[in-house]
Structures are given as C-alpha cells and as structure tokens.
Amino acid sequence: MPQPKHYAAASFLISAQTLAQCPPDEGWEIAFAGRSNAGKSSALNCLTSSRLARTSKTPGRTQLINFFQIDEQRRLVDLPGYGYAKVPEAMRREWGRHLGDYVSQRQCLCGVVVMMDVRHPLTEFDHQLMEVAASRNLPVHILLTKSDKLKRGPAAQQLQTVRNELKLLNGQFTVQLFSSLKQEGMAEAWRVLDDWLELQVEVPDVSQDEIPADPSIADD
C-alpha cells in the first residue's frame with residue numbers, strides 16, 4: 001500500500017538522555033513507548049519505511065530518548081523500553097525516571113503510541129504509562145504487535161478483550177492489531193498519526209481483511 005511521503009522521509013535528529021537535552025519544546029511530537037520486548041523499534045521502522053530505530057535481538061537496547069524529524073515542527077520520538085527484567089534495577093529506575101519526565105512534562109507531546117505484544121498486553125508498566133498520559137488528557141493509541149504470532153480468530157478475540165478492558169479506564173484510548181513482519185495495520189496507524197500531527201493527508205482505507213478499530217473507544 002502507498003506510504004505517506006512524510007513518514008518515508010523521516011530522519012534522525014538527536015538523542016537525549018534527559019529532558020533538558022531534548023530539542024526545543026515546540027511543534028508536535030508523538031512518542032513511541034512499550035516494553036523492551038514488544039517490538040517497539042520494529043514497529044517504528046515499519047511505519048517510517050526506514051531503519052530509523054535501532055533493533056536488536058537483545059531487549060532493552062534503547063537507552064536514550066531518540067528524536068526523528070518529519071519536518072521542521074513535527075517529530076516522532078522513540079522512548080526507552082521499560083520492564084525488561086535482565087536490566088539492572090538502578091538502570092531501570094533511571095530509564096523510568098527520564099521516560100516519566102518526558103511524558104509528564106513535554107508540552108509539545110500530542111499523543112503516545114504504546115506497543116504491546118498481542119499475547120501479553122496491558123501489563124503493570126503499560127498501565128502506569130497510560131495513567132500518566134491520561135492525567136494530561138493525551139490520547140493513547142495501542143498497537144498490539146506481533147499479531148502474526150496468533151491465528152486470525154484468537155487475534156480478533158484478544159483485540160476485543162483489550163477493547164473491553166479499555167472501556168473501564170479513564171482516558172482517550174484506541175487499539176488495533178499490528179504486525180511489522182507482515183506489515184499489517186499500517187494504514188490505520190498512519191491515520192492516527194496524521195490526525196495527531198494535524199497532517200491532512202489521505203491514507204488508503206483499511207482493507208476488508210483487516211479488523212477496524214472499535215469506534216466506541218475513540219476520542220469523544
């Protein structure tokens with residue numbers, strides 16, 4: 001399917017260890033977050049058709065806040081992965097502090113994309129991040145990654161289960177299935193990103209064999 005040119009043209013801007021090292025707090029930013037083994041970097045690369053985010057077979061390699069520029073005022077941000085047990089506790093606390101500072105204080109942040117392994121969604125760490133975003137009235141779009149690991153029926157059932165759980169939470173939450181390996185769910189994700197970044201670009205409709213988002217969970 002055709003890819004929006006602005007995502008294909010995304011380029012690395014800067015890495016920051018702390019909030020103070022981030023670019024000027026202006027324009028629009030969308031943050032990508034998730035557990036260290038949820039396929040976060042793979043999803044970001046898939047959506048940008050570029051090797052922007054560093055991928056590794058070893059979870060927990062993203063240690064900095066990485067900024068990728070779409071244009072002069074719009075950026076995608078790869079946040080440190082969280083919840084990886086083999087990372088030393090002190091390092092996990094440090095990553096968590098910087099991630100929390102960014103999500104809670106960055107004024108140009110207009111939405112958060114949270115990657116969750118479709119087989120293990122809505123962990124304690126995911127809930128904590130979603131609560132911080134909700135406290136700022138930031139929309140959260142969940143990508144249930146690695147959907148190719150499940151057959152169509154179980155994947156659809158898991159999607160509905162997550163939708164039902166989100167209805168019980170206070171916040172602006174949407175959710176979809178996503179597979180970087182098979183490049184499924186990309187059009188739906190692009191439409192969300194375009195809306196948040198205020199980019200009026202048409203993206204092809206989701207094909208009939210894809211599962212649409214539940215409008216009952218969309219923003220009011």
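The model shown is predicted, which means the values in this text are computed figures rather than measured ones. One-based numbering along the sequence shown. The figures here come from the full heavy-atom set of this structure, side chains too, leaving out hydrogens, waters and symmetry mates.
Considering only heavy atoms from C-beta on, Leu76 stays 4.5 Å or farther from Phe67 through its side chain. Residues Leu64 and Pro80 have side chains not in contact (no heavy-atom distance under 4.5 Å, counting atoms from C-beta outward). Between Leu13 and Pro23 there is a side-chain heavy-atom pair separated by less than 4.5 Å.
Note that SG of Cys108 and CD of Glu29 are 3.5 Å apart. Values are rounded to the nearest 0.5 Å. With rounding to the nearest 0.5 Å, the separation of OH in Tyr102 from CG in Asp25 is 8.0 Å. One finds the CG atom of Asp117 at 9.5 Å from the CZ atom of Arg35 (value rounded to the nearest 0.5 Å). Atom CD1 in Ile65 sits 8.5 Å away from atom CD in Gln21 (nearest 0.5 Å).
Taking the six-membered ring where the residue is Trp, Tyr7 and Trp190 present parallel rings, their angle staying beneath 30° rather than reaching 60°.
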Practice prompt. May I have the step-by-step check of side-chain contact (heavy atoms from CB on, under 4.5 Å) for Leu159 and Val175, ending in yes or no?
Written response: CA-CA 8 Å; Leu159 175 63; Val175 60; 4.0 Å; yes
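The existence of a salt bridge linking Arg74 and Asp71 is confirmed by a sub-4.0 Å separation between a basic side-chain nitrogen and an acidic carboxylate oxygen.
Using modelled atom types, no side-chain atom of Gln107 and backbone atom of Glu26 make a donor-acceptor pair closer than 3.5 Å. A donor-acceptor pair is defined here as one N or O able to donate and one able to accept, closer than 3.5 Å; such a pair exists between the side chain of Thr145 and the backbone of Ala38. Put simply, the side chain of Glu184 never gets that close to the backbone of Phe178: no donor and acceptor are under 3.5 Å apart.
There is a side-chain donor-acceptor pair under 3.5 Å between Asp126 and Thr123. Asp194 and His6 are linked by a side-chain donor-acceptor pair at a separation below 3.5 angstrom, with hydrogens and angles left out of the test.
Minimum heavy-atom separation, Gln69 to Arg75: CA-CG, 4.3 Å. Heavy-atom minimum distance, Phe32 versus Lys40: O-CD, 3.5 Å. Across every non-hydrogen atom of Gly185 and Gln176, the tightest pair is O-NE2, 2.8 Å. When all heavy atoms of Val112 and Leu109 are compared, the closest pair comes out as CG2-CD2, 4.1 Å. Of all heavy-atom pairs spanning Ala156 and Leu177, the tightest one is N-CD1, 4.4 Å. Closest non-hydrogen pair, Thr174 versus His141, comes out as OG1-ND1, 2.5 Å.
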